[in-house]
Amino acid sequence: MHPMLTTAVKAARRAGNIINRASLDIDLLTIKQKSQNDYVSEVDRAAEDAIIEILLEAYPDHEILAEESGARGTSEFQWIIDPLDGTTNFLHGFQQYAVSIALVYKGVISQAVIYDPSRNDLFTATKGRGAFLNDRRLRVSKQKNLSDALIGTGFPFRDFTHMDAYMGMFRDLIQKTAGLRRPGSAALDLAYTAAGRFDGFFEIGLNSWDIAAGCLLVQEAGGLVGDFEGNESYLKSGNIVAGNPKVFGQLLQAIAPHLTPELKTLPAALP
């Protein structure tokens, strides 16, 4: 395992321990609402602090971009951190949430960790070296037809500007696939796509910390990732399509009729 990935795994497991302990007493947590349907708890902050402490102890000159505390430092190496992706699930005791950590080097995602503490599932990837679940090599599914595919998605929950376009995509894909699923953690949705549990995934308006690690997992498992037009702006726009090579192209075709000019040129998501 790459030394930087080893450090990220250590940080993710430390955060996972904090999350698991807190899950035993959810009713005692202090919770704040950041915006409509967007919550943060003391667990998010404690997990993020633990991750940052471990990363900066090993690499004090690296840049940090974290969901709760924002950006700090300037470096060719940038750690992108979501300490608890799926906070709403966590606060309801719905065990579908994860820690997500990615390392970007000169603008390219090079390391990725997604850790599901409730199941002790550790998804890792290093650019050019493959993706793994614990010690097992991951490959995307071999599904060839969208009609037989299981697709993950996420509903708009903060910004409803593109709700009509999304509902059009949703309506068509319900009829064109074997099923749609919305578990509530984009990081795990992408990890599941890398593992072949989903054949594809799409969502509107995510942030880079939601998807950076998952994107590398999918790519290293043999899948494709793009924005709604199949291009590489997904980290900036937050609009993402992922899947095995066959389903990826068919998903893009199914989504295309519902793309508004705004979705094609959506401004960058929050950093």
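Every heavy atom of this structure was used, including side-chain atoms; hydrogens, water molecules and symmetry mates were not. Please read all numbers here as calculations on a predicted model, not as lab measurements. In what follows, residues are counted from 1 in the order of the sequence shown.
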Exercise. Quick one: do Met169 and Leu263 satisfy side chain to side chain contact (heavy atoms under 4.5 Å, CB included)? Show the steps, please.
Key: CA-CA 13 Å; Met169 300 173 192; Leu263 277 176; 4.0 Å; yes

Practice problem: Carefully, step by step, assess Leu103 and Gln78 under the rule side chain to side chain contact (heavy atoms under 4.5 Å, CB included). | Solution: CA-CA 6 Å; Leu103 177 64; Gln78 181 191 56; 5.8 Å; no

Side-chain heavy atoms under 4.5 angstrom apart, residues restricted to Ile, Leu, Val, Met, Phe, Trp, Tyr: same cluster for [X] and [Y]?
{"X": "Leu224", "Y": "Phe123", "result": "no"}
{"X": "Ile211", "Y": "Leu138", "result": "no"}
{"X": "Ile54", "Y": "Trp209", "result": "no"}
{"X": "Met1", "Y": "Phe132", "result": "no"}
{"X": "Val9", "Y": "Leu217", "result": "no"}

Side-chain heavy-atom pair [X], [Y] within 4.5 angstrom cut-off:
{"X": "Thr153", "Y": "Arg181", "answer": "no"}
{"X": "His62", "Y": "Arg72", "answer": "no"}
{"X": "Glu63", "Y": "Phe77", "answer": "no"}
{"X": "Asp82", "Y": "Val99", "answer": "no"}
{"X": "Leu84", "Y": "Thr87", "answer": "yes"}
{"X": "Leu91", "Y": "Thr88", "answer": "no"}
{"X": "Thr177", "Y": "Leu150", "answer": "no"}

Looking only at non-hydrogen atoms, find the nearest pair between [X] and [Y] and report the distance.
{"X": "Leu5", "Y": "Ala125", "value": "CD1-O, 4.0 Å"}
{"X": "Ala149", "Y": "Asp199", "value": "CA-OD2, 3.2 Å"}
{"X": "Leu251", "Y": "Gly200", "value": "CD1-CA, 4.1 Å"}
{"X": "Ala66", "Y": "Ile52", "value": "CB-CD1, 4.2 Å"}
{"X": "Phe198", "Y": "Ile151", "value": "CD2-C, 4.3 Å"}
{"X": "Ile18", "Y": "Ala50", "value": "CD1-CB, 3.7 Å"}

Have [X] and [Y] got a donor and an acceptor in their side chains that come within less than 3.5 Å?
{"X": "Asn120", "Y": "Tyr115", "answer": "yes"}
{"X": "Ser208", "Y": "Asp210", "answer": "no"}
{"X": "Arg129", "Y": "Gln111", "answer": "no"}
{"X": "Ser69", "Y": "Glu48", "answer": "yes"}
{"X": "Ser41", "Y": "Asp44", "answer": "yes"}
{"X": "Ser75", "Y": "Tyr59", "answer": "no"}

Self-check item: Listed once per pair and sorted, the ring-ring contact (aromatic ring centres under 6.0 Å, His included) pairs that draw on residues 224-256, sequence neighbours left out
Solution: none

Distance, nearest 0.5 Å, that separates [atom1] of [X] from [atom2] of [Y]:
{"X": "Leu146", "Y": "Lys144", "atom1": "CG", "atom2": "NZ", "value": "15.5 Å"}
{"X": "Thr7", "Y": "His2", "atom1": "OG1", "atom2": "NE2", "value": "9.5 Å"}
{"X": "Lys236", "Y": "Asp227", "atom1": "NZ", "atom2": "CG", "value": "11.5 Å"}
{"X": "Gln219", "Y": "Lys127", "atom1": "CD", "atom2": "NZ", "value": "6.0 Å"}
{"X": "Leu55", "Y": "Ile81", "atom1": "CG", "atom2": "CD1", "value": "5.0 Å"}
{"X": "Trp79", "Y": "Ile51", "atom1": "CH2", "atom2": "CD1", "value": "11.0 Å"}

Quiz item: If you draw a 6.0 Å radius around CZ in Arg14, do more than 12 non-hydrogen atoms from other residues or ligands fall strictly inside?
Solution: no

Quiz item: Is it the case that more than 12 heavy atoms not belonging to Asp135 sit under 6.0 Å from its CG atom?
Solution: no

Practice problem: Give the C-alpha distance, both sets of side-chain angles, the deciding distance and a yes or no for side chain to side chain contact (heavy atoms under 4.5 Å, CB included) between Ile240 and Leu206. | Solution: CA-CA 8 Å; Ile240 184 170; Leu206 292 166; 3.9 Å; yes

Checking the side chain of [X] only, and the main-chain atoms of [Y] only, is there a donor and an acceptor separated by less than 3.5 Å?
{"X": "Asn244", "Y": "Lys246", "value": "yes"}
{"X": "Arg137", "Y": "Ala221", "value": "no"}
{"X": "Asn134", "Y": "Leu122", "value": "yes"}
{"X": "Asn89", "Y": "Phe94", "value": "no"}
{"X": "Glu220", "Y": "Gly130", "value": "yes"}

Please tabulate, for side-chain N and O atoms in residues 183-197, each donor-acceptor pair with protein atoms closer than 3.5 Å (sequence neighbours left out).
from   : atom 1 : to     : atom 2 : distance (Å)
Ser185 : OG     : Asp85  : O      : 3.3
Ser185 : OG     : Asp85  : OD2    : 2.7
Ser185 : OG     : Leu188 : N      : 3.4
Thr193 : OG1    : Asp189 : O      : 2.9

Self-check item: Trace of the side-chain hydrogen bond (donor to acceptor under 3.5 Å, both in side chains) decision for Ser118 with Asp116
Solution: CA-CA 6 Å; Ser118 66; Asp116 177 348; 2.9 Å; yes

Exercise. Just do the side chain to side chain contact (heavy atoms under 4.5 Å, CB included) check on Val225 and Phe201 with the steps written out, would you?
Key: CA-CA 9 Å; Val225 180; Phe201 170 77; over 6 Å; no

